[in-house]
K.L.:
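Sending over a structure as structure tokens; questions will come in a sec.
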Amino acid sequence: RTSPYAFQGLGEEGLKIFDISRPISSTLVKVMDPVEGARINPVGISLLGDYAYLAGGEQGVHVVNVLDKNIPTEIVRIIPGPEPDVRNLSVVAYTNPAYQAAGQDPFQVDPRSPFAQLFAYVANGQYGLRVYDISNVKDRQPVEIPLDEATQAIPGVVMDVAIDRDRAYLAVDGSGVFVLDTTNPGHPKYLGYINLSASVNKASSLVKRGGLIYLAGLENGLQILRDSFTAPELLAQFAAPAAMQNMVVQAEYVYAVDG
């Protein structure tokens, strides 16, 4: 069921929650209160279950309980090393096949289930990708997951990460798109690099839908690519008046932030 709420991260304006049950007359429900006297400055949001995971740049990742939209409450903050530079993140729920019936999809799981494992893939800007086990985050601290050498060596600024079941796609400004095997999200493995021309190696935001990759490339605008390691096909390209920074893909439309 589609949620009647929209969450908006507006940097210094904080986290805003809107009731959009009537889209033509949406109403502001709440602006999240400061935490420990400091306003939360989210630049990206990932939602899963009862939680919002806020990418907060040098503030790190805020994990916020939003079950009651009138009282969003920070549960814990993740501070990636060596320094926080969080540009965006993606959160995935997974169930170990050992706890499932034969043939059940490990990625089709209620994140509230006691058998669900939750993982946060954090695009930590100039410091690369960070991955955390955030299962039962209300009761225990997130646990960082070690990455293989190839993933740690990815060059450039990791701006965004999109998880599509058993694959994670990293948008890396200066290098393009890298892919990890997330068959088990708790043990990601480097798969390779989608070889793009130098003109589209700018990357600020990425969405994966089916066999297509939607890549926001700052001053290079929007590129739509057919997913392929060996020969990615550029299907369409749209110019940006300024610099395309973020986007959402919904049905047959792309909603982009430019400027």
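Keep in mind that this is a model prediction, so the values were computed, not measured.
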K.L.:
Please enumerate all residues that pass side-chain contact (heavy atoms from CB on, under 4.5 Å) together with Ala236, with sequence neighbours excluded.
P.N.:
Ile224, Phe238
K.L.:
For Asp164 versus Gly210, what's the shortest heavy-atom pair and its separation?
P.N.:
OD2-O, 4.0 Å
K.L.:
Starting from Leu47, can I reach Ile40 by hopping between I/L/V/M/F/W/Y residues whose side chains sit under 4.5 Å apart?
P.N.:
yes
K.L.:
Checking side-chain hydrogen bond (donor to acceptor under 3.5 Å, both in side chains) between Asp133 and each of Arg140, Gln141, Gln117, which is the one that passes?
P.N.:
Arg140
K.L.:
What pairs meet the ring-ring contact (aromatic ring centres under 6.0 Å, His included) rule with one or both residues in residues 145-173, with sequence neighbours excluded?
P.N.:
none
K.L.:
Can you list every pair that meets ring-ring contact (aromatic ring centres under 6.0 Å, His included) and has a residue in residues 22-49, with sequence neighbours left out?
P.N.:
none
K.L.:
For the residue pair Val254 and Tyr214, establish whether any side-chain heavy-atom pair is separated by less than 4.5 Å.
P.N.:
yes
K.L.:
Same cluster for Val248 and Phe7 if Ile/Leu/Val/Met/Phe/Trp/Tyr side chains link at under 4.5 Å?
P.N.:
no
K.L.:
Do the side chains of Val35 and Val64 join up, straight or via other hydrophobic residues, at under 4.5 Å, putting them in one cluster?
P.N.:
yes
K.L.:
Would you give the length of the straight line joining atom CD of Gln8 to atom CG of Leu28, rounded to the nearest 0.5 angstrom?
P.N.:
9.0 Å
K.L.:
Sequence neighbours left out, what passes salt bridge (Lys or Arg N to Asp or Glu O under 4.0 Å) with Glu144? Give chain and number order.
P.N.:
Arg130
K.L.:
Taking all non-hydrogen atoms of both residues, which atom of Tyr193 and which atom of Gly176 are closest, and how far apart?
P.N.:
CE1-CA, 4.3 Å
K.L.:
Taking atom CD of Glu219 and atom OG of Ser204, what is their separation to the nearest 0.5 Å?
P.N.:
9.0 Å
K.L.:
Rounded to the nearest 0.5 Å, how far does CE of Met32 lie from CG of Leu54?
P.N.:
7.0 Å
K.L.:
I need the minimum non-hydrogen distance between Pro155 and Phe178, along with the two atoms involved.
P.N.:
CD-CZ, 4.0 Å
K.L.:
To the nearest 0.5 angstrom, please state how far the CZ atom of Arg167 sits from the OG1 atom of Thr183.
P.N.:
5.5 Å
K.L.:
Quick check: closest heavy atoms across Leu235 and Arg226, and the distance to 0.1 Å?
P.N.:
CD2-NH2, 3.6 Å
K.L.:
Return each pair, listed once, that meets side chain to side chain donor-acceptor pair (under 3.5 Å) where at least one residue sits in residues 147-162; pairs must be two or more places apart or across chains.
P.N.:
Asp148-Thr151, Asp160-Ser205
K.L.:
Contact between Pro188 and Tyr121 at the side-chain level, heavy atoms closer than 4.5 Å - yes or no?
P.N.:
yes
K.L.:
Any side-chain heavy-atom pair from Val31 and Arg39 closer than 4.5 angstrom?
P.N.:
yes
K.L.:
Taking all heavy atoms of Ser135 and all of Ala116, pick out the closest pair and write down the distance.
P.N.:
OG-O, 4.2 Å
K.L.:
With the 4.5 Å side-chain cut-off for hydrophobic clustering, are Val161 and Leu147 part of the same group?
P.N.:
yes
K.L.:
Using 0.5 Å steps for rounding, measure from the CG atom of Leu180 to the CD1 atom of Ile154.
P.N.:
5.5 Å
K.L.:
Tracing side-chain links under 4.5 Å among I, L, V, M, F, W and Y, which residues wind up in one group with Val122?
P.N.:
Leu48, Tyr51, Tyr53, Val61, Val63, Ile75, Val76, Ile78, Val86, Leu89, Val91, Leu118, Tyr132, Ile134, Val137
K.L.:
Going by salt bridge (charged side-chain N to carboxylate O under 4.0 Å, His left out), name the pairs with one or both residues in residues 106-121, residues two or more places apart or in two chains.
P.N.:
Asp50-Arg112, Asp110-Arg112
K.L.:
Tell me who clusters with Tyr127, hydrophobic residues only, linked when side chains sit under 4.5 Å apart either directly or through other members.
P.N.:
none
K.L.:
Which heavy atom of Gln108 sits nearest a heavy atom of Gln104, and at what distance?
P.N.:
O-NE2, 4.5 Å
K.L.:
Under the rule for salt bridge (Lys or Arg N to Asp or Glu O under 4.0 Å), what residues qualify as partners of Asp19, not counting sequence neighbours?
P.N.:
none
K.L.:
Got a sec, which pairs hit salt bridge (charged side-chain N to carboxylate O under 4.0 Å, His left out) with one end in residues 92-108, sequence neighbours left out?
P.N.:
Asp105-Arg165
K.L.:
When rounded to the nearest 0.5 angstrom, what is the spacing between NE2 in His62 and CD1 in Ile45?
P.N.:
11.0 Å
K.L.:
Would you please name every residue forming a side-chain contact (heavy atoms from CB on, under 4.5 Å) with Tyr253, sequence neighbours left out?
P.N.:
Tyr255
K.L.:
Under the ring-ring contact (aromatic ring centres under 6.0 Å, His included) definition, can you give me all pairs with a residue in residues 78-97, not counting sequence neighbours?
P.N.:
Tyr94-Phe107
